[in-house]
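Heads up, the thing below is written out as structure tokens.
Letters A, B, ... mirror the listed sequences (proteins, then strands); counts begin at 1.
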Amino acid sequence: MAKPYNFKTIETKWQRIWEERDAFRVTEDPGQPKYYCLEMYPYPSGKIHMGHLRNYSIGDVVARYFRMRGYNVLHPMGWDSFGLPAENAAIEHGLHPATWTYDNIAYMREQLKRMGFSYDWGREITCSEPDYYRWNQWLFLKMYEKGLAYKKPAFVNWCEECQTVLANEQVEGGRCWRDESEVIQKELEQWFFKITAYTEELLEGVDQLPGWPDRVKTMQRNWIGKSVGAEVNFPLVNGESPITIFTTRQDTLFGATFMVLAPEHPLALQLGEGKADVQAFIKRMRAEDRVVRTAADTEKEGVFTGAYAINPLTEEKIPIWVANFVLLEYGTGAIMAVPAHDQRDFEFAKKYHLPLRVVIQPEEEGLAAEALAKAYEDEGVMVNSGPFNSLPSPEGREAVVRFLEERGIGKGAVNYRLRDWGISRQRYWGTPIPIIYCDQCGTVPVPYDDLPVLLPKDVEISMKGGSPLAKVESFVNVWCPTCRGPARRETDTMDTFVDSSWYFLRFCNPHARDRAVDEPKVAYWMPVDQYIGGIEHAVLHLLYARFFTKVVRDLGLVPHSEPFVNLLTQGMVCKETYRCPTHGLRFPQEIDPQGRCTECAHPVEIGRTEKMSKSRKNVVDPDDLLKRYGADTARLFSLFAAPPEKDLEWSDKGVEGAFRFLNRVYRLVDSWADELSRPAAPISFNDLTVGRAVHQKAHLTIKKVTEDLDRDFHFNTAIAALMELVNVLGQFELRGDPAEEAERRYVARFAVETLLVLLAPFAPHVAEELWERLGHGSSIFEESWPVYDATVIEREEILVVVQVDGKLRSRIFLPAHAGEDELRTAALEDSRVQTWLQDKQVKRVVVVPKKLVNIVTARL
RNA sequence: GCCGGGGUGGCGGAAUGGGCAGACGCAAGGGACUUAAAAUCCCUCGGGCCGCAAGCCUGUGCGGGUUCGAGUCCCGCCCUCGGCACCA
């Protein structure tokens, strides 16, 4: 008797079996090709959300697919468990960050298990555990030794909301990446990682990543921001040391009619000495919020210092200004202003009536300084430029560099936007920075033998008054490792992006007690063959991880330079929003089945489709999905609804469609299982009659699904192919003429087994269950991925499309081996084609073998 | 402003190296089964014309072009999403 598809029983059963068999544990095996499949590990914020579900469903298909293809697959999972939300929760709910974090981990681990993901849980890592973060400290000390970790006072991004510093990468449009509150600038003494030591390698490496999406590569290139130009020294009129400027347009040097310094530039105060307006301006600018000051639409503002420099090429005396639009951090903090050829300089010159000189002429028209409405920034021919006149600007740039270098007044130079990575955080729930300050010995690194510097448990957490660790005397007070005198510990903790910068290495040897990375194991597993995660880390995490990989390579710990061979950035999970005119945004459960607000019964408006988030109240809880439809449906829908790299629009109806499909599969196999478990002798394809088409379809499906997975993981079309196969099987009669019975059984069994094996990576539980139902004693995941038979797919008849003058006029069936001449003849003889050829003369016949004939005509 | 992605039925999306546009799913309509409903199964489903049907015209953001043939290639626009942005 047919049983209904009871996903709950099936899924619990197989999850238990997998766990009992430790089915996904892996160890290094040099005899097998390895495959490292990694999804970005989650921050344990409480519950798994739809983005995780999608991310991990994608990863699980990849992992299970490669396992079936015979690879030794490393597929680990862990927790990015240090971070600010734990502290916020501690303040709000009075829970210790550790309690909150570990409760969340326990819950989320169960959720992941209920999704049936094939992780090697024996490799689980938790960043907030001393056995993980001690290696953050170890790596920090190694970097400190090499000068790659250093402390300096700097203007840093301060988030008032988080009460801590943020790295440049963590500020998005002047706002905190986490809570979107405004970021201000503060001058603080901070620890930095010298990512700029690897700038050029990080940039060039981007070109060696064919498996990364262009988008991400572009974003990394933009972030690194390489500019090629020149540094030029402008002597001061009163003879003091010259001002060095950076420019990418040294071909416009003859047009430099004034100079501008950043307000923070040391010379600015000096040159403006005794001039009250200058001092006041500088003071005002330094106090002003830097995000506002450096915004593109802020009005340009400046003041003349009273001092002059000499343009080294024209030898003219030019005034030196201080202005808000010049930044100390970029280049040398000083610029030459060429108002005719730089829009910013142009606007500034117009405002303060400074002179313009045209030194680049476009090919066609002639520019006149007085008539310019805006700066001419394009290429052209150099004019008013002494010996360089009539040189095209690109060559001009090279010629000017040579000229500067010959005379020792400048040189070719490269500038980058990338800054060093500020890692100090004035928060509790992070890795303590292993540094001790001693009055006698200065800054002393904690000896390696004293690691880990444990994060104390008893801490009062508040968002006010600086780092919580500073108030823990037992932590702060320490004996200096060098002189044994009293000393103080560093109380800042590390940016939690440090943890994720190398966790992929730790997964290779999660239990190594005496080292961060076990070199032979890492050498076996690394690099990550497929990395999967959200686009939001295109710069942040992915840049830091690349940097760390190069650092550990130079420490001799790993042989490779790039951590992730292939990167898949999955799209966001989106859903429409609902708004009630009186009660604002509504959660889906706050709307009745008639589409009305549960508060006031007013119909809700359907708003635009946006990324799922609590603030937009358009979230769907994976727990509900799991309860109603099960893990296989949840997985299948998230993979079917859109290609992985595109945004996925949530659809309750679509989920039901996925559920219906699995039900159909279940019913189909279940209803045939008894008969199919009786043996059926294989039949040669040539002898197949009633089952021929079904058998071909099974082979075609193998081909299609395999190719779709191999070609950028097109899960949606692979699943569509499985649906087609099920549709075909749904039409197939297992019982018929007794003479055909053996063939029908053979063909059906082959097709059903093929279907289940191909479906297994997507919907593993139901595939296992039905596989067992067919009488198999072992797991379906012990099957190897099927291979299609090309001779079966090879059709004996093919459909040839016939066009007349490019328009489809007829379709004809021809033997597959038909040659060009046969195609042409058959097409011309076709009766439908004939009617279209009346009154026309055949001018030309284009024949595409096995596909198409196009008859080109001329009117008679 | 610069850089990158995208624009295909009512909707999500297919079309892999220029060769049948709309696979698969959802929604919708009709039918079967049922006392009824759900579930399931079958049929229709870009637009238009004619219609019993066969068929014809048209259609992939817009305008040009290349080609026997363009959703796909080229040129010029429009719209949209994302990144960067006073970066010298």
Exercise. With heavy atoms under 4.0 Å as the rule, sort A/K807 into base, sugar-phosphate or nothing.
Key: sugar-phosphate
Quiz item: Okay, side chain of A/D251, backbone of A/G396: is any donor-acceptor separation there less than 3.5 Å?
Solution: no
Exercise. Could you tell me whether the side chain of A/R249 and the main chain of A/E377 form a donor-acceptor pair under 3.5 Å?
Key: yes
Self-check item: Most 5' of A/N663 and A/A721 on RNA chain B, judged by nearest nucleotide
Solution: A/A721
Self-check item: Whether A/Q343 side chain and A/A375 backbone form a donor-acceptor pair below 3.5 Å
Solution: yes
Quiz prompt | Sugar-phosphate, base or nothing in reach of A/T248, heavy atoms under 4.0 Å | solution = sugar-phosphate
Quiz item: Checking all strands, does A/E724 fall into the base, sugar-phosphate, or nothing category for heavy-atom contacts under 4.0 angstrom?
Solution: sugar-phosphate
Quiz item: With Watson-Crick and G-U wobble geometry limited to distances under 3.5 Å, how should the secondary structure of RNA chain B be encoded in dot-bracket form, using | for bases paired to another strand and [ ] for crossing pairs?
Solution: (((((((..(((......[....))).(((((.......))))).((((.....))))..(((((..]....))))))))))))....
Quiz item: With syn defined as a glycosidic torsion within 90 degrees of 0 and anti otherwise, which applies to B/G48?
Solution: anti
Quiz item: NA contact type, A/V326, heavy-atom cut-off 4.0 Å: base, sugar-phosphate, or nothing?
Solution: base
Self-check item: Touch class at under 4.0 angstrom, heavy-atom based, for A/G657 against every strand present
Solution: sugar-phosphate
Quiz item: At under 4.0 Å between heavy atoms, what does A/K850 touch on the DNA or RNA strands: base, sugar-phosphate, or nothing?
Solution: nothing
Exercise. Have a look at A/L799 and say if it touches a base, only the backbone sugar-phosphate, or nothing, with a 4.0 Å heavy-atom cut-off.
Key: base
Quiz item: Do the charged groups of A/R221 and A/D207 touch, with an N to O distance under 4.0 Å?
Solution: yes
Practice problem: Looking at every strand, decide which applies to A/N727 at a 4.0 Å heavy-atom threshold: base, sugar-phosphate, or nothing. | Solution: sugar-phosphate
Quiz item: If you pin A/R215 and A/R660 to their nearest nucleotides in RNA chain B, which one's is more 5'?
Solution: A/R215
Quiz item: How is A/W836 classified with respect to the nucleic acid when contacts are heavy atoms under 4.0 Å: base, sugar-phosphate, or nothing?
Solution: sugar-phosphate
Quiz item: Got a donor-acceptor contact below 3.5 angstrom from the A/R809 side chain to the A/V833 backbone?
Solution: no
Quiz item: Any sub-3.5 Å donor-acceptor pair from A/N233's side-chain atoms to A/P242's backbone N or O?
Solution: no
Exercise. Go through RNA chain B in 5' to 3' direction and return only the first and the last nucleotide with some atom under 4.0 Å of chain A's heavy atoms.
Key: B/C3 to B/A88
Quiz item: If you take all heavy atoms of A/F637 and A/E649, which pair is closest and at what distance?
Solution: CZ-O, 4.2 Å
Quiz item: What is the nucleic acid contact for A/P213, judged by heavy atoms within less than 4.0 Å: base, sugar-phosphate only, or nothing?
Solution: nothing
Exercise. Under 4.0 Å between any heavy atoms, over every strand shown, what does A/R221 touch: base, sugar-phosphate, or nothing? Just pick one.
Key: nothing
Quiz prompt | Nearest heavy atoms of A/E379 and A/S393, plus distance in Å | solution = OE1-OG, 2.7 Å
Quiz item: Would A/E301 and A/K351 count as a salt bridge (charged side-chain N to carboxylate O under 4.0 Å, His left out) if you check the C-alpha gap in whole Å, the side-chain angles of each, and the deciding distance to 0.1 Å?
Solution: CA-CA 9 Å; A/E301 212 184 334; A/K351 179 166 175 180; 5.9 Å; no
Quiz item: Any sub-3.5 Å donor-acceptor pair from A/N311's side-chain atoms to A/L253's backbone N or O?
Solution: yes
Practice problem: Identify whether any heavy atom of A/R832 sits under 4.0 Å from a base atom; if not, whether one sits that close to sugar-phosphate; answer base, sugar-phosphate or nothing. | Solution: sugar-phosphate
